[in-house]
Chemist: 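Dropping the structure in here first, questions after.
This one's a predicted model, so the numbers in the text were calculated from it and none came from an experiment.
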Amino acid sequence: MAAREVARGGLLAATAVALLYVGGIAPYIAPACCIAAGVTVALPLLRRAQLRTAVLCYAAAVVLGALVAPRKSLVVAYALLTGLYPILKYLIEGRVPRPAQLAVKLVYANLLLAVVGTLVARGLFPQVVLPGFAKLAVLWFAAGVGFIIYDVAMSRLIALLRASLPPE
């Protein structure tokens with residue numbers, strides 16, 4: 001890995017950690033900061049497909065965010081969804097046939113919801129209370145729709161960034 005890529009990855013990881021920190025001290029903008037921190041992982045994948053840089057940036061941001069950020073739940077959301085998803089999206093869209101891509105992405109989203117639901121049920125996040133079955137089914141459906149919207153928005157943002165970033 002070239003020194004330029006290491007430096008770029010370090011700057012992107014630092015940006016992600018700073019966004020997670022700001023989201024931790026300003027709860028009203030926490031979701032936006034978490035999503036913006038996830039975009040930093042997508043940047044190395046835009047032009048030269050530097051998967052190693054993206055993975056190292058993600059790992060560094062998760063470890064440093066867990067040490068620095070005041071709200072650990074925001075770091076967990078970054079680690080499980082917004083930070084990891086750009087890497088998975090890149091891999092899915094590059095290796096899975098186009099008709100099956102949405103299905104694979106929804107399988108990931110549902111597995112993620114099942115893992116988080118299990119962790120909440122086991123008491124790992126005591127501040128979150130599981131609702132009844134009917135409300136849980138509605139929330140699950142809404143989370144699936146929200147995930148599809150997030151995927152489409154991420155695709156459009158990536159296309160916009162590819163078009164507007166200067167050539168290297």
Chemist: May I ask you to test the N110-L113 pair for a side-chain heavy-atom distance under 4.5 Å?
Modeler: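 Yes, their side chains come closer than 4.5 Å.
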Chemist: In sequence, state the C-alpha distance, the side-chain angles, and the governing distance for K89 and S155, and then conclude on side-chain contact (heavy atoms from CB on, under 4.5 Å).
Modeler: CA-CA 9 Å; K89 179 178 177 61; S155 295; 2.6 Å; yes
Chemist: Taking all non-hydrogen atoms of both residues into account, name the closest pair between A16 and Y78 and its distance.
Modeler: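 So the two residues come closest at CB-OH, 4.0 Å.
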Chemist: Check the pair L12 / V41 against side-chain contact (heavy atoms from CB on, under 4.5 Å), numbers first and verdict last.
Modeler: CA-CA 7 Å; L12 291 173; V41 174; over 6 Å; no
Chemist: When you measure from the side chain of T82 to the backbone N and O of C34, does any donor-acceptor pair fall under 3.5 Å?
Modeler: yes
Chemist: If I compare all heavy atoms of V75 with all of G65, which pair ends up nearest, and what's the gap?
Modeler: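 So the minimum-distance heavy-atom pair works out to CG2-O, 3.4 Å.
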Chemist: Can you check side-chain contact (heavy atoms from CB on, under 4.5 Å) on L106 and I148, steps first, answer last?
Modeler: CA-CA 8 Å; L106 285 174; I148 291 171; 3.9 Å; yes
Chemist: Is there a continuous path of hydrophobic side-chain contacts, each under 4.5 Å between heavy atoms, that joins L157 to L46?
Modeler: yes
Chemist: Look only at the side chain of Q50 and the backbone of E5, and say whether a donor-acceptor pair between them is shorter than 3.5 Å.
Modeler: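 The answer is no, because no donor-acceptor pair under 3.5 Å joins these two groups.
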Chemist: Give a yes or no on whether V76 and V22 share a hydrophobic cluster (residues Ile, Leu, Val, Met, Phe, Trp, Tyr; joining criterion: side-chain heavy atoms under 4.5 Å apart).
Modeler: no
Chemist: Among the clusters formed by ILVMFWY side chains lying less than 4.5 Å apart, do I35 and L20 turn up in the same one?
Modeler: yes
Chemist: Going by heavy atoms in the side chains, are L161 and V39 under 4.5 Å from each other?
Modeler: yes
Chemist: For residues L139 and P131, report the shortest heavy-atom separation together with the two atoms involved.
Modeler: CD1-CG, 3.8 Å
Chemist: Let me confirm one number: the CG-CG distance from L11 to L43, rounded to the nearest 0.5 Å.
Modeler: 11.5 Å
Chemist: Are E93 and K105 packed together at the side-chain level, in the sense that at least one heavy-atom pair is separated by less than 4.5 angstrom?
Modeler: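 In contact.
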Chemist: Could you grab the distance from atom CG of L19 to atom CG of L74, nearest 0.5 Å is fine?
Modeler: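 Answer for the CG-CG pair, L19 versus L74, is 9.5 Å.
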Chemist: Supply the atom-to-atom distance R156 CZ to D151 CG, rounded to the nearest 0.5 angstrom.
Modeler: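 Rounded to the nearest 0.5 Å, the CZ-CG separation comes out at 11.0 Å.
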Chemist: More than 12 foreign heavy atoms under 6.0 Å from CZ of F147: is that the case here?
Modeler: yes
Chemist: Are any side-chain N or O atoms of R71 and backbone N or O atoms of I25, one a donor and one an acceptor, separated by less than 3.5 Å?
Modeler: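 Not confirmed, R71 side chain does not pair with I25 backbone.
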Chemist: Evaluate L91 against L51 for side-chain contact (heavy atoms from CB on, under 4.5 Å), listing each step before the verdict.
Modeler: CA-CA 9 Å; L91 292 173; L51 184 61; 3.9 Å; yes
Chemist: Tell me whether Y58 contacts the main-chain N or O of A79 through its side chain, where contact means a donor paired with an acceptor under 3.5 Å.
Modeler: yes
Chemist: Between P86 and G38, which heavy-atom pair has the shortest distance, and what is it?
Modeler: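 Smallest interatomic distance, heavy atoms only, reads CG-O, 3.4 Å.
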Chemist: Which heavy-atom pair separates Y21 from P70 by the least distance, and what is that distance?
Modeler: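 Smallest interatomic distance, heavy atoms only, reads CD1-CD, 3.6 Å.
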Chemist: Is there a path of hydrophobic side-chain contacts, each under 4.5 Å between heavy atoms of I, L, V, M, F, W or Y residues, that connects V63 with L56?
Modeler: no
Chemist: Can you give me the closest heavy-atom contact between Y108 and L81, atom names plus distance?
Modeler: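 Nearest heavy atoms, Y108 then L81: OH-CA, 4.0 Å.
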Chemist: Please tell me if the side chains of L84 and L80 come closer than 4.5 Å, counting only heavy atoms from C-beta onward.
Modeler: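 When only atoms from C-beta onward are counted, L80 and L84 do not touch, as no gap falls below 4.5 Å.
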Chemist: With ILVMFWY side chains joined below 4.5 Å, transitively, what does V107's cluster contain besides itself?
Modeler: L111
Chemist: Who passes ring-ring contact (aromatic ring centres under 6.0 Å, His included) against Y150, sequence neighbours left out?
Modeler: Y85
Chemist: Could you see if V116 belongs to whatever hydrophobic cluster contains V138? Use Ile, Leu, Val, Met, Phe, Trp, Tyr and a side-chain cutoff under 4.5 Å.
Modeler: no
